[in-house]
S.K.: 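Sharing a structure with you now.
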Amino acid sequence: MQQVRTRFAPSPTGFMHLGGLRSALYTYLYARKNDGAFVLRIEDTDQQRYVEGAVEAIYRSLRMAGLNWDEGPDVGGDYGPYIQSQRKDMYLPYAQELVKKGKAYYCFCTKERLDGLRAQYEARGETFKYDKHCAHLCADEVQTRLGAGEPYVIRQNVPDHSQADFDDVLFGHIAVDTDTLDDMILIKSDGMPTYNFANVVDDHTMGITHVMRGSEYLSSTPKYNLLYDAFGWQRPVYIHMSPIMADAHRKLSKRHGDPSFEDLLNQGYLKEAIVNYIALLGWSPGDDREFFTLDEMVQAFDLKGLSKSPAVFDPLKLRHFNFTYLQRMDVDAFEAAMLPWIADAIDTTRFDTRRLAELLQPRCEVFSELAPKLGFLSEMPDYDTALFANKRMKTDAVSALTVLDELMPLLAAVPVWSEDALHDAVTAYIAGQGCKNGYVLWPLRIALSGWENTPAGAFEIAGLLGRQETLSRLGRSAAKLRAAL
RNA sequence: GCCUCCAUGGUCUAGCGGUCUAGGACGUCGCCCUCUCACGGCGGAAACAGGGGUUCGAGUCCCCUUGGGGGUGCCA
């Protein structure tokens with residue numbers, strides 16, 4: 001049995017979108033699952049669309065995601081070059097071979113004539129189809145015009161009144177009437193092949209056995225197969241994959257503000273979480289498992305689990321995956337990973353970052369949301385003493401002031417400044433008062449943080465701030481209360 | 001318009017003729033825990049698009065309708 005060879009063939013038009021990444025993922029998984037080769041090919045036949053740095057962005061994203069390719073522009077291989085523009089010279093001879101076989105023809109029609117034709121079809125409410133005007137040119141005329149240097153394209157000669165069909169492993173047998181198929185352009189007037197032609201030639205010459213690509217190619221695949229048949233080439237196995245949508249109507253796209261893979265990374269999402277989440281957007285392992293490493297995905301991957309309908313991207317569920325991945329990190333790893341994200345918010349040399357990591361980890365879905373939660377640590381915020389009043393805690397400004405005044409000497413007397421010691425001291429005080437924890441802890445936490453909500457409790461905050469800062473804040477808050485009363 | 005594909009809760013999905021009073025996850029709602037915010041625990045609401053067939057029996061097969069996607073470029 002021949003070795004499975006799959007390819008991911010993006011065009012470098014910008015950055016790696018989640019849809020592209022997912023296509024690459026499935027393509028990669030299928031190759032690995034079958035001990036095959038995963039090939040990266042850059043489809044840059046459209047010179048107009050060249051974007052600076054786009055190829056590097058593809059490399060970067062793929063590597064980051066762990067989707068290592070066996071052959072490609074930068075790693076080489078036996079079927080190179082792997083960039084279409086560098087293969088430019090090999091397409092024309094293939095097209096000419098087709099012309100000889102009567103399966104393609106030179107076309108000299110101008111843009112103007114084509115536009116006029118298109119307008120006519122549109123007026124009649126019909127789908128545009130090239131009228132094969134140039135297919136009827138005699139060989140001599142073609143040679144003459146070619147010799148005169150007249151611009152030309154080469155078109156596929158699709159037979160009339162016939163059927164073109166193929167089988168897709170997901171969508172099954174698909175057959176269309178060739179009368180609905182246009183004579184698509186194979187070679188453009190600039191000498192470059194169109195995607196339509198290049199992909200066929202490249203997939204064949206690169207020995208690609210399984211063509212996995214977006215379902216937008218589903219309707220042109222019959223035409224590609226006419227080409228395979230004309231050459232006498234073996235058709236590849238086709239697996240068309242449905243797109244990732246932003247909502248029911250719109251495909252996910254950077255143009256509309258949807259995040260690219262690197263955007264998500266920059267927002268504080270873990271690459272493993274992203275890859276895991278998008279893997280499940282349109283693919284199911286068949287059981288209830290949701291969390292996979294890349295290797296586990298390879299083991300579990302099966303084309304049968306691919307969905308035929310588009311999948312809507314849910315940012316909330318991505319967050320959930322990221323949260324779960326963050327919770328699974330050990331504290332050391334979490335601490336190391338979180339530090340760059342909080343360095344701008346607080347002076348990390350001033351606080352026990354290990355303790356911070358312990359406190360923050362269960363409250364963190366995405367790294368980028370950490371910094372805003374820590375502002376109160378750096379500097380005591382300005383706040384309204386109304387915060388001390390809490391109905392459920394049965395506290396108000398008066399009770400708070402009393403508690404703070406009584407607490408300060410107790411805390412000042414704690415021999416070793418630790419959360420445990422603080423806890424013991426305050427708990428003893430609460431027991432002596434015979435009140436609820438909240439009656440004391442609510443005002444304490446407000447007095448220390450100035451915030452209604454904090455990612456830690458009173459003891460933790462006091463521990464983090466240290467003796468001096470804690471006592472200073474308590475003193476200032478008590479004064480503030482006194483002034484307000 | 002024409003060609004073509006798809007169709008289970010708000011979202012991702014399991015289901016491949018009886019085991020479905022339709023399972024899981026996210027989200028959502030309620031309760032518990034609780035010094036806040038979270039975490040966590042428990043519980044709830046929520047779907048087979050509609051209509052015809054086929055069959056003893058249909059979420060599962062067929063047809064139509066509806067809805068949605070894709071194509072209809074010298075873009076990929």
Side-chain angles (χ1 to χ4, degrees), chain A residues 9-11 13 43-46 48-49 107 109 111 114 118 121-122 124-129 151-155 168 170-172 174-177 179-182 184-190 192-196 198-199 213-220 222 240 242-243 245 247-251 277 280-290 304-305 307-321 323 327 359-365 373 387 390 392-393 395 426 430 436-446 449 451-459 461:
Chain A
S11 52
T13 53
E43 310 225 325
D44 60 346
T45 54
D46 185 359
Q48 314 296 325
R49 283 228 241 168
C107 173
C109 288
K111 181 120 172 35
L114 260 18
R118 223 178 286 276
Y121 275 89
E122 188 158 342
R124 274 179 278 148
E126 289 174 27
T127 302
F128 172 76
K129 247 191 86 182
Y152 69 91
V153 299
I154 295 180
R155 285 182 183 274
D168 181 278
L170 240 65
F171 292 94
I174 294 178
V176 296
D177 194 319
D179 288 342
T180 67
L181 268 23
D182 188 30
M184 66 180 183
I185 290 172
L186 270 19
I187 301 288
K188 301 188 257 191
S189 55
D190 67 358
M192 284 293 258
T194 55
Y195 164 84
N196 294 318
N199 101 33
R213 55 156 68 127
S215 58
E216 65 266 29
Y217 297 109
L218 209 43
S219 54
S220 33
H240 285 90
S242 288
M245 312 290 284
D247 58 44
H249 307 286
R250 227 184 70 222
K251 221 161 139 180
Y277 172 65
L280 261 24
L281 262 183
W283 175 72
S284 163
D287 54 32
D288 288 339
R289 272 196 302 166
E290 284 203 298
K304 281 206 254 317
S307 170
K308 285 188 278 194
S309 33
V312 176
F313 174 74
D314 182 359
L316 251 31
K317 192 152 186 176
L318 203 216
R319 286 180 77 85
H320 170 259
F321 269 80
F323 174 77
Q327 300 320 303
L359 291 168
L360 260 20
Q361 191 170 9
R363 295 168 227 258
C364 182
E365 287 188 300
K373 296 182 180 199
L387 270 184
N390 184 301
R392 241 186 40 155
M393 305 302 155
T395 62
V426 176
I430 290 170
K436 295 275 204 179
N437 288 340
Y439 186 79
V440 171
L441 295 177
W442 175 267
L444 214 209
R445 193 177 57 80
I446 298 298
S449 69
W451 283 6
E452 183 173 7
N453 300 324
T454 55
F459 301 128
I461 294 172

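None of the values given here were measured: they were computed from a predicted structure. Below, chain A is the first sequence line, B the second, and so on; all start at residue 1.
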S.K.: Side chain of A/Ser11 only, please: which of B/G73, B/C35, B/A76 is the nearest?
M.R.: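 In terms of side-chain proximity for A/Ser11, the closest of B/G73, B/C35, B/A76 is B/A76.
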
S.K.: Identify which nucleotide among B/A76, B/C3, B/C26 has an atom closest to any side-chain atom of A/Glu43, counting heavy atoms from C-beta outward.
M.R.: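 Among the listed nucleotides, the one closest to the side chain of A/Glu43 is B/A76.
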
S.K.: Say you pick atom P in B/C74 and the same atom in B/G68; how far apart are they, in whole Å?
M.R.: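 The same atom, P, in both gives a distance of 28 Å.
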
S.K.: Identify, between A/Met393 and A/Phe321, the residue whose nearest nucleotide on RNA chain B lies closer to the 5' end.
M.R.: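 On the 5' side of the pair lies A/Phe321.
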
S.K.: For A/Tyr277, which contact category applies under a 4.0 Å heavy-atom criterion: base, sugar-phosphate, or nothing?
M.R.: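 Since no nucleic acid heavy atom lies under 4.0 Å of A/Tyr277, the category is nothing.
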
S.K.: Checking one value: the base orientation of B/C39, syn if chi is within 90 degrees of 0, otherwise anti.
M.R.: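 B/C39: syn glycosidic orientation.
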
S.K.: Hey, is the side chain of A/Arg363 pairing donor to acceptor with the base of B/C37 inside 3.5 Å?
M.R.: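 Flag set: donor-acceptor pair detected.
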
S.K.: Heavy atoms from C-beta onward define the side chain here; which of B/U4, B/G69, B/A7 lies closest to that of A/Ser309?
M.R.: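 Side chain of A/Ser309 sits closest to B/A7.
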
S.K.: Would you mind classifying the nucleic acid contact of A/Glu290 as base, sugar-phosphate or nothing, using non-hydrogen atoms under 4.0 angstrom?
M.R.: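 Contact class for A/Glu290: sugar-phosphate only.
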
S.K.: Determine the interatomic distance between P on B/U65 and the same-named atom on B/A46; round to the nearest Å.
M.R.: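 About 33 Å, rounded to a whole number of Å.
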
S.K.: Determine the Euclidean distance between corresponding P atoms of B/G10 and B/A47; express it in Å to zero decimal places.
M.R.: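 Straight-line distance between the two P atoms is 7 Å.
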
S.K.: Quote, to the nearest angstrom, the P distance that separates B/G59 from B/C3.
M.R.: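 My reading of the P atoms in B/G59 and B/C3 gives 32 Å.
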
S.K.: Could you work out the separation of B/C16 and B/C61 based on their C1' atoms and round it to a whole Å?
M.R.: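 Between the two C1' atoms, the distance is 11 Å.
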
S.K.: I want to verify a distance call: between B/U36, B/C12, B/C26, whose nearest atom is closest to the A/Asp314 side chain?
M.R.: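 Side chain of A/Asp314 sits closest to B/C26.
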
S.K.: Measure from the side-chain heavy atoms of A/Glu216 and tell me the nearest of B/C6, B/U13, B/G70.
M.R.: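 My answer, after comparing the listed nucleotides, is B/G70.
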
S.K.: Specify the residue among A/Trp283 and A/Pro455 whose closest nucleotide of RNA chain B lies further upstream toward the 5′ end.
M.R.: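 Comparing both residues, the 5'-ward one is A/Trp283.
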
S.K.: Between A/Tyr277 and A/Phe321, what is the ring plane arrangement, given parallel below 30°, perpendicular above 60°, and tilted in between?
M.R.: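 Tilted: the ring planes of A/Tyr277 and A/Phe321 meet at 30° to 60°.
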
S.K.: Which nucleotide, B/U13, B/U34, B/G69, lies nearest any side-chain atom of A/Ala311?
M.R.: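 For A/Ala311, the side-chain atoms sit closest to B/U13.
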
S.K.: Reckon A/Phe323 touches a base, only the sugar-phosphate, or nothing at all at heavy-atom distances under 4.0 Å?
M.R.: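 Answer is sugar-phosphate: A/Phe323 comes under 4.0 Å of backbone atoms only.
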
S.K.: Which nucleotide in the list B/C74, B/A14, B/C39 gets nearest to the side chain of A/Ser284?
M.R.: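 That would be B/A14.
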
S.K.: Test for a donor-acceptor pair under 3.5 Å between the base of B/A25 and the side chain of A/Lys317, counting only N and O atoms.
M.R.: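 Pair found.
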
S.K.: Counting Watson-Crick and G-U wobble pairs only, both distances under 3.5 Å, name the nucleotide matched with B/A7, or none.
M.R.: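 Base partner found: B/U66.
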
S.K.: Considering only side-chain heavy atoms of A/Val312, which listed nucleotide, B/G71, B/A76, B/U11, is closest?
M.R.: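 Looking only at side-chain atoms, A/Val312 lies closest to B/U11.
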
S.K.: Looking at the side chain of A/Met245, which of B/U36, B/G69, B/C26 is the nearest nucleotide?
M.R.: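 Side chain of A/Met245 sits closest to B/G69.
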
S.K.: Across the strands shown, which category fits A/Ala9 at heavy-atom distances under 4.0 angstrom: base, sugar-phosphate, nothing?
M.R.: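 It contacts nothing in the nucleic acid.
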
S.K.: Taking only the P atom of each, what is the distance from B/U54 to B/C62 in whole angstrom?
M.R.: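 B/U54 and B/C62 have their P atoms separated by 15 Å.
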
S.K.: Among B/G23, B/U11, B/G70, which nucleotide sits nearest the side chain of A/Asp288?
M.R.: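 The closest nucleotide is B/G23.
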
S.K.: Rounding to the closest angstrom, what is the interatomic distance between B/G27 and B/C20 at atom C1'?
M.R.: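 My reading of the C1' atoms in B/G27 and B/C20 gives 24 Å.
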
S.K.: What's A/Leu316 touching, base or sugar-phosphate or nothing? Going by heavy atoms closer than 4.0 Å.
M.R.: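 Touches sugar-phosphate only.
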
S.K.: I'd like the C1' distance from B/G40 over to B/U4, given in whole Å.
M.R.: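 It works out to 50 Å between them.
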
S.K.: With a 3.5 angstrom cut-off on both distances, give the Watson-Crick or G-U wobble partner of B/U36, or none if there isn't one.
M.R.: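 In the structure as shown, B/U36 has no Watson-Crick or wobble partner.
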
S.K.: Is it the case that B/C5 (base atoms only) and A/Ser215 (side chain only) share a donor and an acceptor within less than 3.5 Å, ignoring hydrogens and angles?
M.R.: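 Absent.
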
